[in-house]
Amino acid sequence: MTEKVRVRFAPSPTGHLHIGGARTALFNYLYARHNNGVFILRIEDTDRTRSTDEYIEAILEGMRWIGLDWDEGPFRQTDRFDVYLSYVDTLLKEGKAYYCYCSAEELEERRKLAMALGRQPRYDGRCRELKGPVPGVVPSVRFSMPREGRTVVDDLIRGKVVFENTQLDDFIILRSDRTPTYNFTVVVDDVDMRITHVIRGDDHLNNTPKQIHIYKALGYETPKFAHLPMILGSDKARLSKRHGATSVMAYNEMGYLPDALVNYLVRLGWSYGDQEIFSREELIKYFSFENVGKAAAVFNPDKLLWLNSQYIINSSSEKLSEMVIPFLVKVKIIAEGQELDGAWLVRAINTLRERSRTLTELANSLGYYIADEVNYNEKAKEKFLNEKSRDLLVELKTCLEQITEFSQQGLEAAFKKITEKHGVKLGNLAQPVRVAVTGGTESPGIFEVLEIVGKEKTLKRLEKAIETIG
RNA sequence: GGUCCCAUCGUCUAGAGGCCUAGGACGUGGCCCUCUCAAGGCUAAAACACGGGUUCAAAUCCCGUUGGGACCGCCA
């Protein structure tokens, strides 16, 4: 019988849930779900100066939005200080850790000096041999790292990575203010929470040997490790604000669908043959570290946009009509709380779905269906609302006034009658009408548009266009 | 500076020594469809970083070079 898979996502609440964090969370989530395991959320807030409750809430909000539901937590490290302290005491008693009386200033100075001399900026372990306390100094606690031998990280993605123990230094596990540090708490928590697989960013690979020694000192077995490649910006530097939106919720606001973002994120570093689009079920079914790449990936907004358009095309109009409402409010097409005819909205979205890449675009296009008056695009007006089209528009208006069945079929027949009579192509009539009714030159098929706009508004808009021409 | 990681089209990637004349996707160009714009279809340009090995055979294995990244905190 094998041990049940238990994984965790452990962000520090010093910012919003960003793209990189979301991808790490996603891979943890997929691995847990694939193995019928447990996905734990843990907030690493031991840095009390930078962590805030607002960011914790923001991270939870981001997780919920992209549908990464966790099974346990969120646990907060600040709630567990007594646990860490007791582990520190144990190590101290067993001689596996020691008090360090060097001040932060001294250490900083030595670090700079070492850098300047081209030496490795490592703690030299001088307090290790100290016989007694230094009066008047509040000490920190350091871990006694072995000074010989080597440590092997057996990584699920990278294979065996070997570190010389001489490269590792006696790092601080408890600050002089009695708060524990990351490399220590992460191990204590992973032990306590019985984490079986540590799945995290590549940037932690170099920390792993240190942590392995903590496991050993505490007398526990190490979990399996999987270090994910980083996500970079277009200049190959670590993804940051400079590269545009990095917060997950920013994509929500821009009108992206959470599933599209998830689909995009998963393909950054993971693949399944040539398949590009995956349902959540497929992701869970197919996910495996064997298909995770090792190289860092550049974030490509264009591809995300394409995926989003695919997700919109494949969403039901009913679903989209619910999702688009906040965006209609945001782009000021409807007022907060304003009701729309649901069945009508669904029909309208049917025509717009495959030409909207985001919910924002969809909302904007819906504008000419909903608004009372349309604003003409200047160029479109000049090109199509002129003497050449005037008579056609007048004639069409007269014709449509009499039409009983304001449907696509009826409209098409009316258009055909006029174009045949004048010996012109459909486009010669459709484009002026399109400008008259939508204000621009791009829209769904003209008959669909008119049917959805309805007889009354169509006639009003034709009238206004004719007046505009003069 | 030291240590560690990484390296296929501009970007995401397929590739497990012969199935590779290196495949797919985004983006870009062209064509088709067409009332416009999309969507869709077809099509084109576009990559194994470099140098040595190993092998009958290397994108694939090994070594080196170069280039990128991460870590070296009383941050996580």
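For the numbers below, each heavy atom of this structure counts, side chains included, while hydrogens, waters and symmetry mates do not. Here the structure is a predicted model, which is why all the values come from computation and not from measurement.
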Pairs flagged by salt bridge (charged side-chain N to carboxylate O under 4.0 Å, His left out) wherever [range] is involved - sequence neighbours left out:
| range | value |
| --- | --- |
| residues 254-263 of chain A | Asp259(A)-Arg280(A) |
| residues 418-427 of chain A | Glu395(A)-Lys421(A) |
| residues 103-116 of chain A | Glu106(A)-Arg110(A), Glu108(A)-Arg111(A) |

Got Tyr99(A) and Ser140(A) here, is their nearest side-chain heavy-atom distance under 4.5 Å?
no
With a 4.5 Å limit on heavy-atom distance, are the side chains of Arg142(A) and Cys127(A) in contact?
no
What is the distance, to the nearest angstrom, from the [atom1] atom on [X] to the [atom2] atom on [N]?
| X | N | atom1 | atom2 | result |
| --- | --- | --- | --- | --- |
| Gln431(A) | U36(B) | CD | P | 7 Å |
| Ile446(A) | A38(B) | CD1 | P | 16 Å |
| Glu448(A) | A38(B) | CD | P | 16 Å |
| Lys379(A) | U36(B) | NZ | P | 19 Å |
| Leu168(A) | C4(B) | CG | C1' | 11 Å |
| Ile312(A) | C37(B) | CD1 | P | 21 Å |
| Leu239(A) | U11(B) | CG | P | 16 Å |
| Glu420(A) | C35(B) | CD | P | 14 Å |

Watson-Crick or G-U wobble partner of [N], both distances under 3.5 Å:
| N | value |
| --- | --- |
| C71(B) | G2(B) |
| C50(B) | G64(B) |
| C37(B) | none |
| A16(B) | none |
| G29(B) | U43(B) |
| A22(B) | none |

Heavy-atom contacts under 4.0 Å between residues 44-55 of chain A and RNA chain B, which residues?
Glu44(A), Thr46(A), Asp47(A), Arg50(A)
Just checking [X]: base, sugar-phosphate only, or nothing, at a heavy-atom cut-off of under 4.0 Å?
| X | answer |
| --- | --- |
| Leu268(A) | sugar-phosphate |
| Pro444(A) | base |
| Gln310(A) | sugar-phosphate |
| Tyr264(A) | nothing |
| Val162(A) | sugar-phosphate |
| Gly201(A) | nothing |

Contact state string [[range], B base, S sugar-phosphate only, - no protein heavy atom under 4.0 Å]:
| range | answer |
| --- | --- |
| nucleotides 17-29 of chain B | ------BBBB--- |
| nucleotides 44-50 of chain B | ------- |
| nucleotides 68-74 of chain B | -SBSBSB |

Euclidean distance for [atom1], [N] against [M] (whole angstrom):
| N | M | atom1 | value |
| --- | --- | --- | --- |
| U8(B) | C4(B) | C1' | 24 Å |
| C72(B) | C62(B) | P | 29 Å |
| G23(B) | A59(B) | C1' | 13 Å |
| G69(B) | G53(B) | C1' | 28 Å |
| A7(B) | C12(B) | C1' | 15 Å |
| G15(B) | U21(B) | C1' | 16 Å |
| U11(B) | G68(B) | P | 14 Å |
| A14(B) | U54(B) | C1' | 26 Å |

Full working for ring pair (Phe, Tyr, Trp, His ring centres under 6.0 Å) between Phe278(A) and Trp270(A):
CA-CA 12 Å; Phe278(A) 300 85; Trp270(A) 177 83; 5.2 Å; yes
Only pairs under 3.5 Å count here: list side-chain donor-acceptor contacts from residues 8-21 of chain A, not counting sequence neighbours, and write none if there are none.
{"from": "Arg8(A)", "atom 1": "NE", "to": "Asp190(A)", "atom 2": "OD1", "distance (Å)": "2.9"}
{"from": "Arg8(A)", "atom 1": "NE", "to": "Asp190(A)", "atom 2": "OD2", "distance (Å)": "3.4"}
{"from": "Arg8(A)", "atom 1": "NH2", "to": "Asp190(A)", "atom 2": "OD2", "distance (Å)": "3.0"}
{"from": "Ser12(A)", "atom 1": "OG", "to": "Thr14(A)", "atom 2": "OG1", "distance (Å)": "3.3"}
{"from": "His18(A)", "atom 1": "ND1", "to": "Gly20(A)", "atom 2": "N", "distance (Å)": "3.3"}
{"from": "His18(A)", "atom 1": "ND1", "to": "Gly21(A)", "atom 2": "N", "distance (Å)": "3.3"}

Proximal nucleotide (of U36(B), A14(B), C35(B)) relative to the Ser271(A) side chain
A14(B)
Ring pair (Phe, Tyr, Trp, His ring centres under 6.0 Å) partners of Phe299(A), counting only residues at least two apart:
Tyr264(A)
Restricting to ring pair (Phe, Tyr, Trp, His ring centres under 6.0 Å), what partner residues turn up for Tyr311(A), sequence neighbours left out?
none
Would you say the side-chain atoms of Asp169(A) pair up with the backbone N or O of Tyr123(A), donor to acceptor, closer than 3.5 Å?
yes
Atom pairs and distances, side-chain donor-acceptor, residues 357-364 of chain A, under 3.5 Å, sequence neighbours left out:
{"from": "Arg357(A)", "atom 1": "NE", "to": "Glu361(A)", "atom 2": "OE2", "distance (Å)": "3.2"}
{"from": "Arg357(A)", "atom 1": "NH2", "to": "Glu361(A)", "atom 2": "OE2", "distance (Å)": "3.2"}
{"from": "Thr358(A)", "atom 1": "OG1", "to": "Thr360(A)", "atom 2": "N", "distance (Å)": "3.3"}
{"from": "Thr358(A)", "atom 1": "OG1", "to": "Glu361(A)", "atom 2": "N", "distance (Å)": "3.0"}
{"from": "Thr360(A)", "atom 1": "OG1", "to": "Met254(A)", "atom 2": "O", "distance (Å)": "3.0"}
{"from": "Glu361(A)", "atom 1": "OE1", "to": "Arg357(A)", "atom 2": "N", "distance (Å)": "2.8"}

Would you say the rings of Phe27(A) and Phe289(A) are close, in the sense that their centroids are separated by under 6.0 Å?
no
OP1 or OP2 of U36(B) less than 4.0 angstrom from a side-chain nitrogen or oxygen of Ser443(A), does that happen here?
no
Is a salt bridge present between Asp155(A) and Lys294(A), judged by a nitrogen-to-oxygen distance below 4.0 Å?
no
Pairing of Glu282(A) and Lys285(A) as salt bridge, 4.0 angstrom limit
no
Who are the salt bridge (Lys or Arg N to Asp or Glu O under 4.0 Å) partners of Arg158(A), not counting sequence neighbours?
Asp202(A)
Distance alone, cut at 3.5 Å: any donor-acceptor contact between the side chains of Thr181(A) and Asn183(A)?
no
Return yes if the base of C37(B) and the side-chain atoms of Arg355(A) contain a donor-acceptor N/O pair under 3.5 Å, otherwise no.
yes
Suppose we call a contact any N or O donor and acceptor under 3.5 Å apart; does that hold for the side chain of Arg434(A) and the base of C35(B)?
yes
